[in-house]
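Both backbone and side-chain heavy atoms feed into the values below; hydrogens, waters and symmetry mates do not. Computed from a predicted structure; not experimentally measured. Lettering of chains follows the sequences in order, A, B, ..., and the numbering in each one begins at 1.
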Amino acid sequence: MSPPTETEMTEVIEPEAASAPSPAARSASAADDAAAPAYRFSGWAYQGFGSLFDWQQDSPAYLAVPRDVAFSHTQAQLRFSYALGRKFEAVASGSLLYSWTYSPNDTERQTVAQHGAHGAYEMRLQELYAGVFWTGLDLRIGQQRVAWGRAEALAPNDVLNARDLRDPFPTERNLFHQPTPLVRADVALGDKSSLQLIFAPIFVPDKIDIYGSNWALIQPGAPDSLRGFFHQMGSLVDASLLNEFNRLTQQSALPPSGVTQFAAGTRAATTLSGIDLATYYYYGYDRTPRLKVDPAFAQLLQSVDFSMIRAGDFAPLFNAIQAGQAPIALTYERNHHLGADFGTTLGPLGLTFDLAYDTNRGFFLRDLTGYGARTGELVAALEYQTGDIHKVLVLESSVLHLFEQAPPPLLFVQQTTATFALLARAPLLSSLDVELRARFSPTPNNVVARLMLEWRVNDRFALRAYGTWTAGDQWGLGGYFEHNSGAELGAKVNL
Amino acid sequence: MNKLIFSVPAVLTLAGSSMAAPTTPSAAVIVQQMLESDPWGLSGASVAAHAVLSDKAGAQSELAFSAKSRRLAPSLAASLVRFSAPPDLAGAGFLQIQKKEGDDDRMLFLPDLGRARRISGNLRSNAFMGTDMSFADLDRRDLRDGTATLTGSETLQRWDCFVVNVVPKSASSQYSRVEIWVRKDNHLPLKMNMFDRSNVLLKTFAALEVKRVGESWFISRSRMTNVQQKHSTELVLDKIVTTTQFGDEDFTVRELEKSK
């Protein structure tokens, strides 16, 4: 029999149909099929090599902030999911990350303050949760990602999970949001409405580098006193312990563990005539650390001449520590978050709004100490929908306002800050895509953008080229990290 | 081989028995019967399928998915499609709930975003996940609401077919008209020609294999070709199970956002 063509159609009949089972028998068979166990493995691996455009090191040396002018990322992630019909699911995923960095070093030792070339591994458990489903109730327990709100880049309602802020534009987006331990219950309220309840017994802070990496908080624009202090402290620690150094610094004053330190939230959602609405309330810890420097220690740091530091200069620091004080600490504070969003379609556009109010949202002052403020934020987003994941155009605009009388000068934001975010992706040729992710603000004037060219060699293998551009006012995100403009070449394999 | 190829005489016997019907149904009834025949298992079935996409340069890519569906009313259905390939689409889901009045509900779930989002009705003329099927081809609203005219009968290969011309009602439809060859015996569409708004041939559809599962007939292999872009999609239904077991709770955003 020759292969069928459009003018030659074949007609087949499944053998079991010959016995013409009753509708009930067929339904039972189908139900069995729908309830059958389903396994799925997925994963990817990425290797990238990159360089900054500006190789000039910070000066003077005793205040220098390390800058990794060349770097390599090796990343791999595996995910396994198991589903038993509509009754049960279990998901586990993890990542293995290896980063190699190089910053010119004029000393023999490789330390957090002066890297030279060094590499570091990081193993990360991403998801580990199980879900049990009944009619009208879904219950999931474990480490999981729960996305609140509708905006993607400027997402004020996405408050449940921690973030990895050590690279605001990771090559893989799912490395940015960090699943956290949660109990999640979704209750159906009729066909169109639902109620979600969230309980978080353990607080997980955002991952932030305080010192020693390209996106660390302490950059050349930071106060000399902090640059000098961390340079001295970093000089005591081997470069291979950079991640541990930052974790130790960042988690110097975590909220105490225990059920009284829980976080909890609820989401109520409904759909009315093609409009999706949701409201949110979350009581938990704001994930932005508040750097607190004891005033006496701050005064000491101001008086230290870091160009001729002596051992005795830090004696008051160690005396204070021995006395049970914390001369320098990063703390986390409680916050009430209220939010709402709405989404619909208008012609070819997806239109969404996110509205958020926080009672104690964290920011950094320009001396890098923490500052909490009552804030309101409105995000409007337009998506030109194409139905093709390789053709994406999303524009988000945000207005953030601090309801404080004359707040002190802040890092990255002002009392009222407008920010825009753009995600655009389109095919240039049949298998060559271009993607632009950008975030820019007129107040303070700055831009952070990443352009990607991706050649999809086949369904499983792609070659990529990235260009990152950071620029702007000194206290804007792009200006503060202006040295991070660079390029990266990489390859990704999907398993 | 677990399939039995129908012998030509048997098929002719079947066709002949159908042709014995003395009266010719109206075009509207033929279209209604065709939609009711549910040739792709979109109204009360569980389906595993894959599609091979071919471009004019000969490059091919593959899409794999499973789908479940439930009949809501005559020619209206709810369906949930879950993709397993290509890798960058694995885990994505598409939920469609058809409505007699007003726009259908369409929600897309992408695992990277972790949430479902509503898809515009204006997308109907756009390609569905890069295939040559548009969203409109899936929701069949152009056929459901269009004006049908019976233009004659024709024997396609060895099967007698009604030839029906359908003019979509909506001015926003990508098609000015659709010609359909509908088999007289089991109401399956064996061939379709879709014409763009300038009345130029845009796409062709051809059934390559039809299969009877129980008492229902399905188009188990078919090809949709965009003749203007020289791009084609061959859709293969690898497994079909008819069922009435799915309920409303299987076609909700909660279900769409489950990690399968």
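A distance-only check finds a donor-acceptor pair linking the side chain of A:Q385 to the backbone of B:S120 [under 3.5 Å]. Although no hydrogens or angles enter the test, the distance criterion places a donor-acceptor pair under 3.5 Å between the side chain of B:N126 and the main chain of A:T386.
Of the listed residues (A:G350, A:S42, A:A462, A:G274), the one with the most heavy-atom contacts under 4.5 Å to chain B is A:G274. When the candidates A:I389, A:T352, A:L346 are compared by the number of heavy-atom contacts under 4.5 Å with chain B, A:I389 comes out ahead. The residue among B:V253, B:I119, B:L156 with the most heavy atom pairs within less than 4.5 Å of chain A is B:I119.
Every residue two or more places apart in sequence or in another chain that forms a side chain to side chain contact (heavy atoms under 4.5 Å, CB included) with B:V236 is listed here: B:H50, B:R221, B:E234, B:D238. The ring pair (Phe, Tyr, Trp, His ring centres under 6.0 Å) search around B:F65 returns B:F83, not counting sequence neighbours.
Across every non-hydrogen atom of B:G114 and A:A147, the tightest pair is O-CB, 4.0 Å. Here the closest heavy-atom approach between residue B:P87 and residue A:N494 is recorded as CB-CB, 3.4 Å. A pairwise comparison of heavy atoms in B:A116 and A:R150 identifies O-NH1, 4.4 Å as the closest pair. B:R254 approaches A:G136 most closely through the heavy-atom pair NH2-C, 3.8 Å.
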Kindly determine whether B:R115 and A:D276 satisfy salt bridge (Lys or Arg N to Asp or Glu O under 4.0 Å), including the steps that lead there. CA-CA 12 Å; B:R115 60 174 83 86; A:D276 304 308; over 6 Å; no

Which is it for A:T271 and B:R118 under the side-chain contact (heavy atoms from CB on, under 4.5 Å) test, yes or no, and what are the steps along the way? CA-CA 11 Å; A:T271 297; B:R118 184 170 292 275; 3.3 Å; yes

Candidate pair A:F133 and B:K258, rule side-chain contact (heavy atoms from CB on, under 4.5 Å), full reasoning: CA-CA 10 Å; A:F133 311 124; B:K258 281 179 183 166; 3.6 Å; yes

Step by step, would you call B:R117 with A:E152 a side-chain contact (heavy atoms from CB on, under 4.5 Å)? CA-CA 11 Å; B:R117 58 184 171 178; A:E152 292 179 31; 3.2 Å; yes

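Environment of OH in A:Y384: sparse, with no more than 12 heavy atoms of neighbouring residues, nucleotides or ligands closer than 6.0 Å. No more than 12 heavy atoms of other residues, nucleotides or ligands sit less than 6.0 Å from atom NZ of A:K391.
Contact annotation for B:F135: only side-chain heavy atoms (C-beta onward) come within less than 4.5 Å of a heavy atom of chain A. With a threshold of 4.5 angstrom between heavy atoms, B:L110 approaches chain A through side-chain atoms but not through N, CA, C or O. Looking at A:N458, there are no atoms closer than 4.5 Å to chain B (heavy atoms on both sides), in backbone or side chain.
By the 4.0 Å N-to-carboxylate-O rule, A:K192 lies close enough to B:D105 to be salt-bridged with it.
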